[in-house]
**Q** 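Let me give you the structure first, and then I'll get to my questions.
Just the heavy atoms: all of them, side chains too, but no hydrogens, waters or symmetry mates, feed the values below.
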Amino acid sequence: MAHIVRLAVAIALLWALPSFGQSSAPPWVAALQAGGNVIVLRHGATYTDQADTNPLDPKDTAHQRQLNDAGKAQAKAMGDALRRLKVPVGKVQTSHFQRAVETGMLLGFGEVLPTADIAEGGLVVSPNENNRRTKALQAFAATPPAAGTNIVLVTHKPNILDAFGKDWFDVREGEASIFKPDGKGGYTLVARVQAVEWAKVTAP
């Protein structure tokens, strides 16, 4: 009889324990699973001894800074995690620089859409053009994606810093900032997620 009682108590305790999805996952996972977010992603890790020596020609990928092996692994891991978490991704839009395009492709959600609107400008474009790109990224973050989906924007540190302010001075390669558009032209920050976090939230 005592054995049966102990067994019943053990079963009751197991049922009382919250599941991973209910308690262990950070709140931003549920937010992504519900859709309606814009994920602003800085491209993955790159070779620090490389530079964009012909930045006016985005097709000249041989003279651009490239993803290193860690950056490629980061992008693949993020894409794998999004699928394992059943996060719906409706569209991936990138800067037209190769490190951003490749990051977007390695996420594994099909076609990517490169655009100058979220490409790094720096000193090779006019201040007016840099300002236009800042406003474009802000507008993307404020635009609700298709119902039940999320959109991923792969861009660069200067664009993120200009669009969202000094709090992003330390934004790292591979870091994702998740924004929730309010449908009124604004947005709120849901979370900032470092590249290493994707593997953690999907670990057994």
**Q** How about Gln64 and Gln98: does a side-chain donor come under 3.5 Å of a side-chain acceptor?
**A** no
**Q** Which heavy atom of Ala45 sits nearest to which heavy atom of Gln74, and what is that distance?
**A** N-OE1, 3.1 Å
**Q** In this structure, is the centre-to-centre distance between the rings of Tyr187 and Phe164 below 6.0 Å?
**A** yes
**Q** So which heavy atom on Ala75 is nearest to which on Leu106, and how close?
**A** CB-CB, 3.6 Å
**Q** Taking Val152 as the starting point, is it possible to reach Val29 by hopping between hydrophobic residues whose side chains are less than 4.5 Å apart?
**A** yes
**Q** Identify whether Val87 and Val38 are in the same connected component of the hydrophobic contact network (ILVMFWY, side-chain heavy atoms under 4.5 Å).
**A** no
**Q** Would you mind reporting whether Val89 and Thr149 have side-chain heavy atoms less than 4.5 Å apart?
**A** no
**Q** Identify the heavy atoms of Ala141 and Pro181 that sit nearest to each other, and give their distance.
**A** O-CG, 3.3 Å
**Q** Using side-chain heavy atoms (C-beta onward) and a distance below 4.5 Å, is Ile39 in contact with Leu32?
**A** yes
**Q** Are the side chain of Asn159 and the backbone of Thr155 linked by a donor-acceptor contact shorter than 3.5 Å?
**A** no
**Q** Take Val92 and Glu111 through the side-chain contact (heavy atoms from CB on, under 4.5 Å) test and state the conclusion after the steps.
**A** CA-CA 7 Å; Val92 177; Glu111 181 185 15; over 6 Å; no
**Q** Identify the two heavy atoms, one from Leu85 and one from Gln33, that lie closest to each other, and give their separation to 0.1 Å.
**A** O-NE2, 2.8 Å
**Q** Out of the candidates Glu120, Arg65, Glu175, only one should pair with His43 under the side chain to side chain contact (heavy atoms under 4.5 Å, CB included) rule; please name it.
**A** Arg65
**Q** Please lay out, stage by stage, how Arg83 and Phe109 fare under the test side-chain contact (heavy atoms from CB on, under 4.5 Å).
**A** CA-CA 9 Å; Arg83 282 182 288 277; Phe109 292 101; 3.6 Å; yes
**Q** Could you tell me whether a side-chain N or O of Asn37 sits under 3.5 Å from a main-chain N or O of Gly35, the two making a donor and an acceptor?
**A** yes
**Q** Under the criterion side-chain hydrogen bond (donor to acceptor under 3.5 Å, both in side chains), I'd like the reasoning laid out for Thr115 against Gln93: C-alpha separation, chi angles, the key distance, then a yes or no.
**A** CA-CA 7 Å; Thr115 174; Gln93 197 154 8; 4.7 Å; no
**Q** Let's go through Arg192 and Glu197 carefully: what are the C-alpha distance in whole Å and the side-chain angles of both, what is the deciding distance for salt bridge (charged side-chain N to carboxylate O under 4.0 Å, His left out) to 0.1 Å, and is it a yes or a no?
**A** CA-CA 10 Å; Arg192 289 174 61 177; Glu197 293 299 314; over 6 Å; no
**Q** Does the side chain of His156 come under 3.5 Å of the side chain of Ser95 through a donor N or O and an acceptor N or O?
**A** yes
**Q** Would you name the heavy atoms of Pro88 and Gly148 that are closest together and state the gap between them?
**A** CG-O, 3.0 Å
**Q** Evaluate the side-chain proximity of Leu153 to Phe179: yes if any heavy-atom separation is below 4.5 Å, no if none is.
**A** no
**Q** Has Asn130 got a side-chain atom pairing as donor or acceptor with Gly122's backbone, closer than 3.5 angstrom?
**A** yes
**Q** Go through Phe97 and Thr61 one step at a time and tell me if the side-chain contact (heavy atoms from CB on, under 4.5 Å) criterion holds.
**A** CA-CA 7 Å; Phe97 283 102; Thr61 59; over 6 Å; no
**Q** For Asp69, check salt bridge (charged side-chain N to carboxylate O under 4.0 Å, His left out) against everything at least two apart and list the hits.
**A** none
**Q** With rounding to the nearest 0.5 angstrom, report the CG to NE2 distance, Asp57 to His96.
**A** 9.5 Å
**Q** Between the side chain of Thr94 and the main-chain N/O of Gly104, is any donor-acceptor distance below 3.5 Å?
**A** no
**Q** Could you grab the distance from atom CG of Leu67 to atom CE of Met105, nearest 0.5 Å is fine?
**A** 11.0 Å
**Q** Has the side chain of Lys91 got a donor or acceptor atom that lies under 3.5 Å from a matching backbone atom of Asn150?
**A** no
**Q** Going by side chain to side chain contact (heavy atoms under 4.5 Å, CB included), name the residues that satisfy it together with Ala163, two or more places apart in sequence or in a different chain.
**A** Thr134, Leu137, Gln138
**Q** Examine Arg99 relative to Tyr47 and say whether NZ or CZ is less than 6.0 Å from the centre of the six-membered ring and inside a 45° cone about the ring axis.
**A** no
**Q** Shortest non-hydrogen contact from Pro55 to Asp52?
**A** CD-O, 3.5 Å
**Q** Would you mind reporting whether Phe140 and Ile151 have side-chain heavy atoms less than 4.5 Å apart?
**A** no
**Q** Is there a side-chain contact between Arg42 and Ile160 in this structure, where contact means two heavy atoms from C-beta onward sitting under 4.5 Å apart?
**A** yes
**Q** Does Glu173 reach the main-chain N or O of Thr46 with its side chain, forming a donor-acceptor pair under 3.5 Å?
**A** yes
**Q** Should we count CG of Leu56 as having more than 12 external heavy atoms under 6.0 Å?
**A** yes
**Q** Quick check for you: to the nearest 0.5 Å, what is the distance between His63 atom NE2 and Asn54 atom CG?
**A** 7.0 Å
**Q** To the nearest 0.5 Å, what is the distance between CG on Leu107 and CG on Leu41?
**A** 6.5 Å
**Q** Treating Ile, Leu, Val, Met, Phe, Trp and Tyr as nodes and any side-chain heavy-atom pair under 4.5 angstrom as an edge, say whether Val112 and Val40 lie in one connected cluster.
**A** no
**Q** Using a 3.5 Å distance criterion without hydrogens, assess whether the side chain of Gln194 forms a donor-acceptor pair with backbone atoms of Ala176.
**A** no
**Q** Taking it one step at a time, do Thr188 and Asp182 satisfy side-chain contact (heavy atoms from CB on, under 4.5 Å)?
**A** CA-CA 7 Å; Thr188 56; Asp182 62 12; 5.9 Å; no
**Q** Count I, L, V, M, F, W, Y as connected when their side-chain heavy atoms are under 4.5 Å apart, and connections chain through other members. Are Trp168 and Val190 then in the same cluster?
**A** no
**Q** Just wondering, more than 12 heavy atoms not from Arg132 lying within 6.0 Å of its CZ?
**A** yes
